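Scroll down for the structure; my scribbles are underneath it.
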Amino acid sequence: MKAALKISDHNFKGTQEVILMCLNRIMEVRVLEINLQKNIIAVDYAKPSVYERIKNELKCLGLLVGEYIPLK
């Protein structure tokens, strides 16, 4: 499943590399793109339960996932 996640960065002071390292800990996720200017993270993941893990990891960084945009 591929999706673009619209994020809001209330307390985030890190870089793209910090987000990438955080999401790389989840084995079932492949990060396709991180664009902090547009507040979008595009990911490819295996199953719906992984989406919840992605949201939790981003929340730990201070990023909240808003809109979910499925990609083809």
Side-chain angles (χ1 to χ4, degrees):
M1 304 170 81
K2 293 182 182 180
L5 309 174
K6 189 80 169 165
I7 56 168
S8 57
D9 55 345
H10 294 291
N11 299 320
F12 186 66
K13 302 292 184 213
T15 63
Q16 292 180 357
E17 288 80 20
V18 172
I19 296 170
L20 187 60
M21 285 189 314
C22 185
L23 292 179
N24 278 342
R25 296 188 314 174
I26 305 172
M27 297 298 287
E28 298 93 356
V29 174
R30 183 171 54 120
V31 178
L32 303 174
E33 178 185 1
I34 300 173
N35 190 330
L36 295 178
Q37 285 74 33
K38 294 182 181 179
N39 290 337
I40 292 177
I41 300 174
V43 293
D44 184 11
Y45 57 96
K47 50 190 170 187
S49 62
V50 177
Y51 174 68
E52 293 301 320
R53 291 180 61 197
I54 293 169
K55 284 183 12 181
N56 288 337
E57 289 293 327
L58 292 175
K59 187 176 180 181
C60 290
L61 291 176
L63 297 167
L64 299 176
V65 177
E67 188 178 354
Y68 171 89
I69 306 162
L71 300 175
K72 294 183 180 190

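Remember, predicted model here, so these are calculated numbers, not experimental data.
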field: Residues which pass side chain to side chain contact (heavy atoms under 4.5 Å, CB included) with Glu28, listed by chain and number, not counting sequence neighbours
entry: Ile26, Ala46, Val50, Arg53
Leu71 with Val65, same ILVMFWY side-chain cluster at under 4.5 Å: no
query: Any side-chain heavy atom of Val43 within less than 4.5 Å of one from Ile54?
result: yes
field: Spacing of CD1 belonging to Ile7 relative to CD1 belonging to Ile34, to within rounding of 0.5 Å
entry: 8.5 Å
message: Run the ring pair (Phe, Tyr, Trp, His ring centres under 6.0 Å) test against Tyr45 and tell me which residues pass, sequence neighbours left out.
response: none
- line: Taken in chain and number order and not counting sequence neighbours, the residues that satisfy side-chain hydrogen bond (donor to acceptor under 3.5 Å, both in side chains) with Glu17 are Thr15
task: Please list all pairs passing the salt bridge (Lys or Arg N to Asp or Glu O under 4.0 Å) test where one or both residues lie in residues 38-51, with sequence neighbours left out.
output: Arg30-Asp44
query: Is Lys6 close to Ile40 at the side-chain level, that is, under 4.5 Å between some pair of heavy atoms?
result: yes
- prompt: Rounded to the nearest 0.5 Å, what separation is found between the CG atom of Leu5 and the CG atom of Leu23?
  reply: 8.5 Å
- request: Just grab all the side-chain hydrogen bond (donor to acceptor under 3.5 Å, both in side chains) pairs involving residues 54-66, residues at least two apart or on different chains.
  value: Arg25-Glu57
message: Contact between Lys2 and Pro70 at the side-chain level, heavy atoms closer than 4.5 Å - yes or no?
response: no
query: Are Met21 and Leu58 connected in the hydrophobic side-chain network, where two residues link if heavy atoms are under 4.5 Å apart?
result: no
task: Only pairs at least two apart or in different chains count here, so list each ring-ring contact (aromatic ring centres under 6.0 Å, His included) that has a residue in residues 48-67.
output: Tyr51-Tyr68
query: If two hydrophobic side chains count as joined below 4.5 Å and joins carry through other members, does Leu36 share a cluster with Ile41?
result: yes
message: Are Leu32 and Val18 linked, directly or through intermediate hydrophobic residues, by side-chain heavy-atom contacts shorter than 4.5 Å (ILVMFWY only)?
response: no
field: Results of salt bridge (charged side-chain N to carboxylate O under 4.0 Å, His left out) for Glu33 - residues two or more places apart only
entry: none
